[in-house]
Every structure is written in C-alpha cells, then in structure tokens.
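Before any comments, here is the structure.
Each residue takes its place number in the sequence, starting with 1.
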Amino acid sequence: MRISLISAVAAIIVGVAASSGDRARPFKECVERCTTTCLEPLPLDLRLTGWTCLDDCKYTCMHQITANVMGRGERPRQYFGRWPFWRFLGMQEPASVLFSLLNLWAHVRGSRALQRRVPRGHPMKPYYTTWSWISANTWIWSAVFHTRDFPLTEKLDYFSAALTILSALQYTVIRLFHLYPQHPPDPKRATIRNVWTAACALVYIAHVTYLSVLPRFDYAYNIIFNTIMGMTHNLLWLLFALPARWSLFRRYPHRPKAYRPAFVGKVALFVALTTAATALELLDFPPWGLVIDAHSLWHLATAPIAIVWYRFLIEDASDESWRDVRVRSTSLKT
C-alpha cells in the first residue's frame, strides 16, 4: 500500500541517471565489443518485453563484470542507478514484479471484501471502493515498470502511486471530518466536500503536468510531494487512533469523543507497520543472490499491511454508530 514515506523514498533507487558501474571503462568497452557481434532476433521473451541488442549487451556485460567483482570478494557496483539483477522471462527485477502482483491481489481481495461486507448505503463505501480500484491500478503499473524500466513505464508507475496517495488523503479528510453525504443533505458540508475534492484533483493535475513538461524528471520534487501527502494521511489517522481521553476527533457520527471501539487500535498498528517498512528502503543493500533487494522486500511488506488496512476500513464502516438515520441516505442493510 503506497500511503507512506516509503512510496516517496522508492523513487531514489531509479532516480540516478548514471552509476559507477556503467561509467567504468571496462563496462563501456565490453558493450562496444558486444554490439558489433550481437545476433538478432533475440529470444521471444526478450522481444516481447522490449529488449534490444544494446539492452542485452548492457545486461550481459553488467553480469560478466559483476561476477568477476564478486569472485574477488568485492561489493558489486550499481548500473544506471540500480543494482544488477538476474532477469527472468525478460523481467528486469522479477522479485519486485512478483511482489507487486502480490499487492495487486491484496487490493483485489480487499475490494471484494468491501463490496461484500460494507453496507450498501454506507456513505463512505463509494470512496473506499474507488480508492481500492486506484490502488489496484497502481500495482499493475508497478509490475510493468519493474518488468521493463522505460521513461513511459516509470511515469505511469510514479503517477499512479501519487494518485493512490492523494485519493487516500481525499477520503481520509471526508471520513474524519464527516463531510460525506448525509440525510437530510447538509449544503455547507457538501460545499466543503466538493471544494476539497476539486482541490485534490487540481493538485494532482498540477503534479503530473509539472513532471511531464520538464526536460528531465524531477525526482527530488517527486519525493517531497509524495512524502508530504503520505505523512499527512498517516498523521490524521494516528490522531484518530489516540486514546479516548486525548481524542481530537468525534470518531463516529453523533457519538461523543470518548467513543472508541477496540478495533480503532489497528490504525496505530498500520502506521507502525508502514514506518517499519520504510527502513527496508533506507537500507538499500546489494540484492541477495542478485534477486532480492531492499526495494523488493518493501513490496513484499506492503501486501500484508494493505490487508490490515482493509480489515480496519470494513470494521470502521460496520460500526453500529453509522446506523443513525440522520447519516444514512439509503438503507444500511447488506
């Protein structure tokens, strides 16, 4: 689930235009020799995933040099801003692809659970459902990006991640400040909700436009943007999870601030887990067996975190306090 600092830090790994490995003379000379003897056509899996002779030569030379370096007991170098990985069926980072698909499964599973278990007329159900679809889309593009790193797949991955974070922040403000549609309608709340939603849309459009028109992708800005959005989201929910005597929110409609069901504690668990997962990105060690690195482990960690979050959303929406007739616009029977 990309609603945390880790979704921003992830950009660092691919944000380097060049690294010591690809700048080294032995690598450049190896690639030059290889391209003069490259045989086409390449195997089917490489052609299907967009590899060229030059790409294949860079991959081959990278691993030849890495094998020699590791044979001497030295630390492998990075190439083009990333560690050397063994490819599989044309995928550049197969572990990250696999774990991205695991996250996709977690969100599809969570979306189905939302449809089954959240009451049909619940005012937050459309927001949670939309966010689950946006999140699933994000992990599709994450899998595509880690299969083959092109400028287009990179942007689709980053832009999808930003949309997921902003969508989560949008529904969070609507949920915590009770701006969702109510019965009878509240014009003031509706206006605030519409203005807030429009502001989120404009911020996202501006974000994508800025990163698209630049001659070179601004990784530093992308990190700052996602960090601010993600940390704001997590901070709001952490305040929501405070003990009853410190509560800053009226958590549930028409209930006192002291009303705090036990499952609210899962929010604090979610924040703690996402914070712990951040450390995986900060470690950035050479991949184990040239397959598993810190970034792929982050992808692995976010799948169970997503499951925890969906369970909370469902329990939160199922609380009896939502059954007040002043809140619902339609029947809350499943």
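Counting heavy atoms from C-beta on, the side chains of Leu89 and Thr147 never come closer than 4.5 Å. Pro287 is not listed as a side-chain neighbour of Ile292, based on a closest heavy-atom distance of 4.5 Å or more. The shortest side-chain heavy-atom distance between Trp196 and Leu169 falls under the 4.5 Å cut-off.
No donor-acceptor contact under 3.5 angstrom links the side chains of Thr138 and Ser160, judged on distance only. Counting only N and O atoms by type, the side chains of Trp141 and Asn137 include a donor and acceptor under 3.5 Å apart. When only modelled atom types and interatomic distance are considered, Gln115 and Thr129 share a side-chain donor-acceptor pair under 3.5 Å. A donor atom on one side chain and an acceptor atom on the other are found under 3.5 Å apart for His207 and Tyr221. Side-chain contact annotation: Ser96 with Ser296, donor-acceptor N/O pair under 3.5 Å absent. Side-chain contact of Asp218 with Tyr210: a donor-acceptor pair under 3.5 Å is present, judged by distance alone.
Between Trp309 and Phe270, the ring planes are tilted. Angles from 30° to 60° get that label. Ring orientation note: the planes of Trp298 and His295 are tilted relative to one another, at an angle of 30° to 60°.
Here the options are Thr164, Val108, Leu104, Val144, the test is side chain to side chain contact (heavy atoms under 4.5 Å, CB included), and the partner is Trp139; only Leu104 passes.
Partners of Trp51 according to the ring pair (Phe, Tyr, Trp, His ring centres under 6.0 Å) rule, which considers only residues two or more places apart in sequence or in another chain, are Tyr59. Scanning for disulfide (SG to SG under 2.5 Å) contacts around Cys200 gives an empty result, with sequence neighbours left out. For Leu300, the side-chain contact (heavy atoms from CB on, under 4.5 Å) partners two or more places apart in sequence, or in a different chain, are Phe99, Leu102, Leu297.
Applying the 6.0 Å contact sphere to CZ of Arg47 captures more than 12 heavy atoms from other residues, nucleotides or ligands.
Looking at Asp55 and Arg148, a side-chain N of the basic residue comes within less than 4.0 Å of a carboxylate O on the acidic one, giving a salt bridge.
A cation-pi arrangement is not found for Arg117 relative to Tyr128, the charged atom failing to lie both closer than 6.0 Å to the ring centre and inside a 45° cone about the ring normal.
Cysteines Cys57 and Cys34: SG-SG separation is under 2.5 Å.
The closest donor-acceptor contact from the side chain of Asp149 to the backbone of Phe145 lies at 3.5 Å or more, if one exists at all.
Checked against the 6.0 Å centroid threshold, Trp237 and Phe240 count as a close aromatic pair.
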